[in-house]
Colleague: 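Questions regarding the structure given below will be posed in turn.
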Amino acid sequence: MNIGKVDVLLGLQWGDEGKGKVVDVLTPKYDVVARFQGGPNAGHTLEFEGQKYVLRSIPSGIFQGGKVNIIGNGVVLAPDLFMEEAKELEKSGHELKSRLYISKKAHLIMPTHRVLDKAYEAAKGKNKVGTTGKGIGPTYTDKVSRNGLRVGDILDHFEEKYAAHKARHERILKALNYTDYDISEVEKKWMEGVAYLKQFPIVDSEHEIHKLLKSGKNILCEGAQGTMLDVDFGSYPFVTSSNTICAGACVGLGIGPNKVGNVYGIMKAYCTRVGAGPFPTELFDETGSKIRALGHEYGAVTGRERRCGWIDLLQLRYSIMVDGVTELIMMKSDVLDDFDTIKACVAYKLKDGTITRDFPYEIDDVEPIYQELPGWKTDMTKFTSEDQFPKAFKDYIQFLESELETPIKIISIGPDREQTIVRK
């Protein structure tokens with residue numbers, strides 16, 4: 001029997017590494033693309049054939065005709081935002097309803113979850129996490145406390161289930177003295193989204209995945225955010241509410257760990273972060289502003305400015321370790337094309353003066369120690385082969401591979417699908 005394989009694609013930093021483009025590039029090798037966690041707070045931006053698309057909940061394999069796409073049980077789904085996103089794609093000529101499966105066990109983000117998100121953030125005062133306000137955290141909180149509403153619930157006695165959950169949220173909001181809100185318009189659109197959801201195959205996705213594997217189909221698992229936003233291993237409490245690491249693919253899709261083959265880890269040639277939280281290599285000077293401008297570092301969904309800094313090798317080694325990364329993919333190398341000097345953080349100086357090369361429990365007060373490398377001062381955006389890379393860039397790749405003890409197999413030199421070089 002020809003059993004299919006499962007590979008996993010992950011962001012290794014604080015999200016926004018360019019996962020959407022890479023999934024789209026890798027998809028021709030796979031029959032199925034499955035999203036395993038996260039919600040519509042993260043956007044995957046893809047650009048090809050002169051068009052720009054932002055995906056929030058729909059797997060990035062949707063652009064490759066004939067591929068099966070699955071929204072897994074680990075995802076939290078907002079019916080109204082899903083409807084918007086899907087209709088936009090349908091308008092641009094992408095057929096969805098026959099090849100996008102939605103797990104019955106995925107949890108629903110209710111309109112009151114968004115209000116709760118804002119209320120909880122307001123209650124934190126100065127200790128805000130920097131949430132997008134999309135209701136992700138409260139939805140996962142309900143899931144873990146066994147109070148959640150799931151996609152499968154829309155198929156049976158939904159109105160009474162919805163009313164009970166809404167009433168419970170309203171009691172919580174009243175207790176928080178957060179009563180100045182009106183969800184009537186949002187709720188109307190949300191219910192339209194629920195009706196729209198019913199037009200898609202709503203399935204026991206874990207069974208579907210195993211049937212596909214048994215029939216010899218290859219599956220690419222796609223996460224949202226990045227490893228440093230993992231609820232267990234990220235820069236807690238400034239994290240998302242789910243497991244973004246490789247193990248999350250097993251839990252978020254119902255796949256045994258023995259089924260996982262390659263783990264692709266995506267990183268930028270530098271580093272960014274959105275929202276609050278520690279970021280050791282953050283640059284507050286003109287260099288940081290230049291990276292932001294050249295890299296168009298603004299949130300795909302929120303439009304928020306991303307904080308920018310040099311690449312952090314301690315953080316990357318840590319991510320590679322907890323994810324079991326087998327191959328690295330480096331994005332946005334072209335953003336550094338015009339720099340005289342490139343820096344890489346190779347160690348931290350801790351509060352007590354100790355120097356460490358291991359990623360510590362707390363990174364609030366560490367001082368990055370950099371190694372400087374010469375820039376390549378070459379426009380690489382039109383290159384089609386690694387043979388064209390300037391020596392300084394080849395040296396940068398070699399340096400990273402040596403420090404990270406993992407091969408860099410794919411290098412992106414621009415936002416377009418074609419601006420991708422697969423190394424020999």
Colleague: Can you check whether D387 reaches K424 side chain to side chain, under 4.5 Å on heavy atoms?
Modeller: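 D387 vs K424: side chains touch.
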Colleague: If the plane angle is over 60° it's perpendicular, under 30° parallel, otherwise tilted; pick one for Y181 and Y178.
Modeller: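 Parallel.
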Colleague: Ignoring hydrogens and geometry beyond distance, is a side-chain donor-acceptor pair present between D337 and T378 at under 3.5 Å?
Modeller: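 Distance-only check fails for D337 and T378.
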Colleague: Assess whether a salt bridge exists between E401 and R423, defined as any Lys/Arg side-chain N lying under 4.0 Å from an Asp/Glu carboxylate O.
Modeller: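 Judged by the 4.0 Å cut-off on N to carboxylate O distance, E401 and R423 do form a salt bridge.
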Colleague: Is any side-chain heavy atom of I136 closer than 4.5 Å to a side-chain heavy atom of I109?
Modeller: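 In short, these two side chains touch, coming nearer than 4.5 Å.
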Colleague: When the ring planes of Y264 and Y30 are compared, do they come out parallel, tilted or perpendicular, using 30° and 60° as the limits?
Modeller: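 Correct class here is perpendicular.
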Colleague: What is the minimum heavy-atom distance between Y396 and A269, and which atoms define it?
Modeller: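 That would be OH-O, 2.8 Å.
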Colleague: Indicate yes or no: at least one non-hydrogen side-chain atom of L313 is less than 4.5 angstrom from one of F359.
Modeller: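 Heavy-atom side-chain distance check fails, nothing below 4.5 Å.
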Colleague: Do Q371 and E403 have a side chain donor and acceptor closer than 3.5 Å?
Modeller: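 E403 and Q371 do not have a side-chain donor-acceptor pair below 3.5 Å.
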Colleague: Restricting to non-hydrogen atoms, name the atom on T244 and the atom on L229 that form the minimum distance, rounded to 0.1 Å.
Modeller: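 Result for this residue pair: OG1-C, 4.1 Å.
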Colleague: Are side-chain heavy atoms of I342 and W376 found at a separation under 4.5 Å?
Modeller: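 When only atoms from C-beta onward are counted, W376 and I342 do touch, with a gap below 4.5 Å.
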Colleague: Between K21 and R417, is there a side-chain heavy-atom distance shorter than 4.5 Å?
Modeller: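 Side-chain contact under 4.5 Å: no.
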Colleague: Is the F82-F200 ring centre distance short of 6.0 angstrom?
Modeller: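 Yes, they do, as the ring centres are separated by less than 6.0 Å.
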Colleague: Step by step, work out the salt bridge (Lys or Arg N to Asp or Glu O under 4.0 Å) result for E121 and K118.
Modeller: CA-CA 5 Å; E121 188 78 339; K118 293 182 177 75; over 6 Å; no
Colleague: For the CG atom of D338 and the NZ atom of K377, what is their distance to the nearest 0.5 Å?
Modeller: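 Separation between the atoms: 4.0 Å.
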Colleague: Side chains of T356 and D358: is there a donor and an acceptor less than 3.5 Å apart?
Modeller: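 Looking only at side-chain atoms, D358 and T356 do not form any donor-acceptor pair under 3.5 Å.
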Colleague: Does a side-chain N-to-carboxylate-O contact under 4.0 Å join E185 and K188?
Modeller: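 Yes.
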Colleague: If you take all heavy atoms of S319 and L12, which pair is closest and at what distance?
Modeller: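 Looking at all heavy atoms of both residues, the closest pair is OG-O, 2.8 Å.
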Colleague: Should M267 and L404 be marked as a side chain to side chain contact (heavy atoms under 4.5 Å, CB included) after you check the CA-CA gap, both sets of side-chain angles, and the distance that decides it?
Modeller: CA-CA 12 Å; M267 63 188 199; L404 302 173; 4.1 Å; yes
Colleague: State plainly whether the residues D7 and K29 are in salt-bridge range, i.e. N to O under 4.0 Å.
Modeller: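 No salt bridge links D7 with K29.
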Colleague: Working to the nearest 0.5 Å, report the span between CG of L197 and CD of E192.
Modeller: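 One finds 12.5 Å between CG of L197 and CD of E192.
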Colleague: Can you tell me how far CG of N69 sits from CZ of F63, rounded to the nearest 0.5 angstrom?
Modeller: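 The CG atom of N69 is 10.0 Å from CZ of F63, to the nearest 0.5 Å.
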Colleague: Quick one, K97 with E90, criterion salt bridge (Lys or Arg N to Asp or Glu O under 4.0 Å). Give me CA distance, side-chain angles, the key distance, then yes/no.
Modeller: CA-CA 9 Å; K97 293 193 177 80; E90 287 179 320; 2.9 Å; yes
Colleague: Does K87 make a cation-pi contact with Y196 (under 6.0 Å, within 45 degrees of the axis)?
Modeller: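 Yes - K87 lies over the ring of Y196, closer than 6.0 Å to its centre and within 45° of its axis.
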Colleague: Under a 3.5 Å threshold, yes or no: a donor from one side chain and an acceptor from the other, between S60 and E222?
Modeller: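 There is such a pair between these side chains.
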Colleague: Does the pair R292 and E297 meet the rule for a salt bridge (Lys or Arg N to Asp or Glu O under 4.0 Å), with working shown?
Modeller: CA-CA 5 Å; R292 184 181 301 112; E297 294 295 357; over 6 Å; no
Colleague: Tell me, with the steps shown, if I329 and I408 meet side chain to side chain contact (heavy atoms under 4.5 Å, CB included).
Modeller: CA-CA 6 Å; I329 297 167; I408 297 172; over 6 Å; no
Colleague: Quick one, E187 with M110, criterion side chain to side chain contact (heavy atoms under 4.5 Å, CB included). Give me CA distance, side-chain angles, the key distance, then yes/no.
Modeller: CA-CA 8 Å; E187 195 172 44; M110 295 172 56; over 6 Å; no
Colleague: Output yes when a side-chain donor or acceptor of D31 lies under 3.5 Å from a complementary backbone atom of N218, and no otherwise.
Modeller: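 Confirmed, D31 side chain pairs with N218 backbone.
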Colleague: For the residue pair L350 and P360, what are the closest heavy atoms and their distance?
Modeller: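 In terms of heavy atoms, the two residues are closest at CD2-CG, 4.2 Å.
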Colleague: Taking atom types as modelled and ignoring hydrogens, do the side chains of S92 and H94 form a donor-acceptor contact shorter than 3.5 angstrom?
Modeller: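 Side chains of S92 and H94: pair found under 3.5 Å.
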Colleague: Could you walk me through whether M228 and Q315 satisfy the side chain to side chain contact (heavy atoms under 4.5 Å, CB included) test, starting with their C-alpha distance in whole Å, then the side-chain angles of each, then the deciding distance to 0.1 Å, before giving a yes or no?
Modeller: CA-CA 8 Å; M228 295 318 297; Q315 178 271 305; 3.2 Å; yes
Colleague: Closest heavy-atom contact between V194 and P79?
Modeller: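 For V194 and P79, the tightest heavy-atom pair comes out as N-CB, 3.6 Å.
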Colleague: Hey, what's the ring geometry for W14 with F279, parallel, tilted or perpendicular (30° and 60° as the breaks)?
Modeller: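 Ring orientation of W14 relative to F279: tilted.
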Colleague: Report yes or no: does K143 contribute a side-chain atom to a donor-acceptor pair with the main-chain N or O of L149 at less than 3.5 Å?
Modeller: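 Flag not set: sc K143 to bb L149 has no pair under 3.5 Å.
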Colleague: Under 3.5 Å, is there a donor-acceptor pair between the side chain of D117 and the main chain of G135?
Modeller: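 The answer is yes, because a donor-acceptor pair under 3.5 Å joins these two groups.
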Colleague: Could you tell me whether a side-chain N or O of D182 sits under 3.5 Å from a main-chain N or O of S184, the two making a donor and an acceptor?
Modeller: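 Yes.
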Colleague: Report yes if the side chains of H169 and D142 come closer than 4.5 Å at any heavy-atom pair, otherwise no.
Modeller: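 Yes, at least one pair of side-chain atoms sits under 4.5 Å.
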Colleague: Could you measure the distance from the CG atom of L9 to the OG1 atom of T27? Nearest 0.5 Å is fine.
Modeller: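 It is 9.0 Å, given to the nearest 0.5 Å.
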Colleague: Identify the heavy atoms of T272 and C308 that sit nearest to each other, and give their distance.
Modeller: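 Nearest heavy atoms, T272 then C308: CG2-SG, 4.0 Å.
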Colleague: Rounded to the nearest 0.5 Å, what separates atom OG1 in T227 from atom CD1 in I266?
Modeller: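 Reported value, rounded in 0.5 Å steps: 10.0 Å.
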Colleague: Less than 4.0 angstrom from a charged side-chain N to a carboxylate O is my criterion; do R56 and E84 meet it?
Modeller: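 So R56 pairs with E84 through a salt bridge.
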Colleague: Is the ring centre of H107 less than 6.0 Å from the ring centre of Y140?
Modeller: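 H107 vs Y140: aromatic centres not under 6.0 Å.
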Colleague: Could you go step by step and tell me if K105 and E206 meet the salt bridge (Lys or Arg N to Asp or Glu O under 4.0 Å) rule?
Modeller: CA-CA 10 Å; K105 293 183 173 70; E206 62 275 31; 2.8 Å; yes
Colleague: Is any side-chain heavy atom of Y120 less than 4.5 Å from a side-chain heavy atom of I172?
Modeller: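 Side chain of Y120 against side chain of I172, heavy atoms only: contact under 4.5 Å found.
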Colleague: Side chains of R317 and T406: do they bring a donor and an acceptor to under 3.5 Å?
Modeller: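 Per modelled atom types, R317 and T406 side chains form no pair under 3.5 Å.
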Colleague: For the CD1 atom of I58 and the CD1 atom of I70, what is their distance to the nearest 0.5 Å?
Modeller: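 Spacing of CD1 (I58) from CD1 (I70) equals 14.0 Å.
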Colleague: Output, in order, the C-alpha distance, side-chain angles, deciding distance and verdict of side-chain hydrogen bond (donor to acceptor under 3.5 Å, both in side chains) for Y270 and Q13.
Modeller: CA-CA 10 Å; Y270 49 96; Q13 294 159 316; over 6 Å; no
Colleague: Check whether the side chains of D312 and Y348 place a donor and an acceptor atom closer than 3.5 Å, and report yes or no.
Modeller: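 Side-chain D/A pair, D312 to Y348: present.
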Colleague: Can you see whether E405 engages S402 through a side-chain donor-acceptor pair at a distance of less than 3.5 angstrom?
Modeller: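 Judged by distance alone, the side chains do not pair up.
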Colleague: Testing K332, K268, M331 for side chain to side chain contact (heavy atoms under 4.5 Å, CB included) with D16, which one passes?
Modeller: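 Single pass found, and it is K268.
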Colleague: Less than 3.5 Å apart, any donor N or O on the side chain of T384 or Q388 sitting next to an acceptor on the other?
Modeller: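 Yes, because at least one side-chain N or O of T384 sits under 3.5 Å from a partner of the opposite role on Q388.
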Colleague: Quick one: does NZ or CZ of K343 land under 6.0 Å from the six-membered ring centre of Y370, within 45 degrees of the ring axis?
Modeller: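 Pair K343/Y370 counts as cation-pi.
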Colleague: Do P390 and M380 come within less than 4.5 Å of each other through their side chains, counting heavy atoms only?
Modeller: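 The answer is yes, as the side chains (C-beta and beyond) meet within the 4.5 Å cut-off.
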Colleague: Give a yes or no on whether a salt bridge exists between D204 and K104, defined as a side-chain N under 4.0 angstrom from a carboxylate O.
Modeller: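 So D204 pairs with K104 through a salt bridge.
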